[in-house]
Amino acid sequence: QVQLVESGGGLVQAGDSLSLSCAASGRKWSDYDMAWFRQAPGKEREFVAAITWGGSTTYYAENVKGRFTISRDNVQYTGRLRMNGLKSEDTAVYYCAAVKYGAVGRTIDFYSAQGNYDSWGQGTQVTVSS
């Protein structure tokens, strides 16, 4: 498994922007698809965005599409989530996750299922005040 560590969370105001980072180690980063999930207080963890191992394809949850951008750097062994136009409902602990790349044809249904991931970070808190 690859080890993942998130950073970049904090307290911001509605409408602000924030970038989260995910540092990977222990395995070849380009062997893994990665994703961001989040968990708000009292709610289940939900899918936010995913990116394939080479960075060519991205997927987003409907409630963040157009505001969030997922990216990765396979040389620096990092992943990133750029969040613009933050809303109070974006308040959550954000987790980065990774899964070994597999057969061609994975869809958003695969990437949005947290049970498919075998590596998780510890999470970073994002709080958006209105």
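Just the heavy atoms: all of them, side chains too, but no hydrogens, waters or symmetry mates, feed the values below. This one's a predicted model, so the numbers in the text were calculated from it and none came from an experiment.
Taking 4.5 Å as the limit, some side-chain heavy atom of Glu46 sits within range of a side-chain heavy atom of Asn63. For the pair Arg106/Asp33, a side-chain contact is recorded, criterion being any heavy-atom separation below 4.5 Å from C-beta on. For the pair Met83 and Asp16, the minimum side-chain heavy-atom distance is 4.5 Å or more.
Not counting sequence neighbours, the partners of Tyr111 by the ring-ring contact (aromatic ring centres under 6.0 Å, His included) test are Tyr59. Residues satisfying the side chain to side chain donor-acceptor pair (under 3.5 Å) test with Arg27, not counting sequence neighbours, are none. For the ring-ring contact (aromatic ring centres under 6.0 Å, His included) test, no residue two or more places apart in sequence or in another chain qualifies with Phe68.
A single hydrophobic cluster is seen to contain both Tyr32 and Leu4, as judged by linkage of ILVMFWY side chains at heavy-atom distances under 4.5 Å, directly or through other members. Cluster annotation: Val99 is not connected to Tyr60 through the hydrophobic network of ILVMFWY side chains, with a link wherever side-chain heavy atoms come within less than 4.5 Å. By the criterion of side-chain heavy atoms lying less than 4.5 angstrom apart, applied directly or through intervening Ile, Leu, Val, Met, Phe, Trp or Tyr residues, Tyr77 is grouped together with Met34 in one hydrophobic cluster.
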Begin from the C-alpha positions of Arg67 and Asp90 and carry the test salt bridge (charged side-chain N to carboxylate O under 4.0 Å, His left out) through to its verdict.
CA-CA 11 Å; Arg67 298 189 298 124; Asp90 294 318; 2.8 Å; yes
Before you tell me yes or no, could you show the steps for Tyr95 and Val93 under side-chain contact (heavy atoms from CB on, under 4.5 Å), namely the whole-Å CA-CA distance, both residues' side-chain angles and the distance that decides it to 0.1 Å?
CA-CA 7 Å; Tyr95 299 89; Val93 177; 3.5 Å; yes
Steps toward side-chain contact (heavy atoms from CB on, under 4.5 Å) verdict (Leu86, Leu18)
CA-CA 8 Å; Leu86 283 162; Leu18 196 64; 3.9 Å; yes
Residue pair Ser119, Val2: steps toward the side-chain contact (heavy atoms from CB on, under 4.5 Å) verdict:
CA-CA 6 Å; Ser119 297; Val2 62; 3.6 Å; yes
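Taking each heavy atom of Trp29 and Ala24 in turn, the nearest pair found is CE3-CB, 3.4 Å. Looking at every heavy atom in both residues, Ala35 comes nearest to Phe47 through CB-CE1, 4.4 Å. Shortest non-hydrogen contact noted between Ser17 and Asn84 is OG-OD1, 2.8 Å.
Atom CD of Glu44 has 12 or fewer neighbouring heavy atoms from other residues, nucleotides or ligands inside a 6.0 Å radius.
Distance check: Lys43 NZ to Arg38 CZ gives 8.5 Å after rounding to the nearest 0.5 Å. Here the OG1-CD1 distance, from Thr58 to Ile51, works out to 6.5 Å after rounding to the nearest 0.5 Å. Note that OG1 of Thr52 and CD1 of Ile70 are 9.5 Å apart. Values are rounded to the nearest 0.5 Å. Between atom CZ of residue Arg80 and atom OG of residue Ser7 there is a gap of 11.5 Å, rounded to the nearest 0.5 Å. Taken to the nearest 0.5 Å, the CD atom of Gln114 stands 8.0 Å off from the CD atom of Gln39.
Residue pairs meeting the disulfide (SG to SG under 2.5 Å) criterion with at least one partner in residues 25-73, sequence neighbours excluded, are absent. The list of disulfide (SG to SG under 2.5 Å) pairs with a residue in residues 33-121, not counting sequence neighbours, reads Cys22-Cys96.
A donor-acceptor pair under 3.5 Å is formed between the side chain of Asn74 and the backbone N or O of Trp53.
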For residues 123-130, run the donor-acceptor check on the side chains, cut-off 3.5 Å, and write out each pair with its distance to 0.1 Å, sequence neighbours left out.
residue : atom : partner : partner atom : Å
Thr124  : OG1  : Gly9    : N            : 3.1
Gln125  : NE2  : Ala92   : O            : 3.4
Gln125  : NE2  : Thr127  : OG1          : 3.3
Ser129  : OG   : Val12   : O            : 3.3

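For the pair Arg45 and Trp120, the distance from NZ or CZ to the six-membered ring centre is under 6.0 Å and the angle to the ring normal is within 45 degrees.
In this pair, Phe37 and Tyr117 present their aromatic rings perpendicular. The plane angle is above 60°, beyond the 30 to 60° band.
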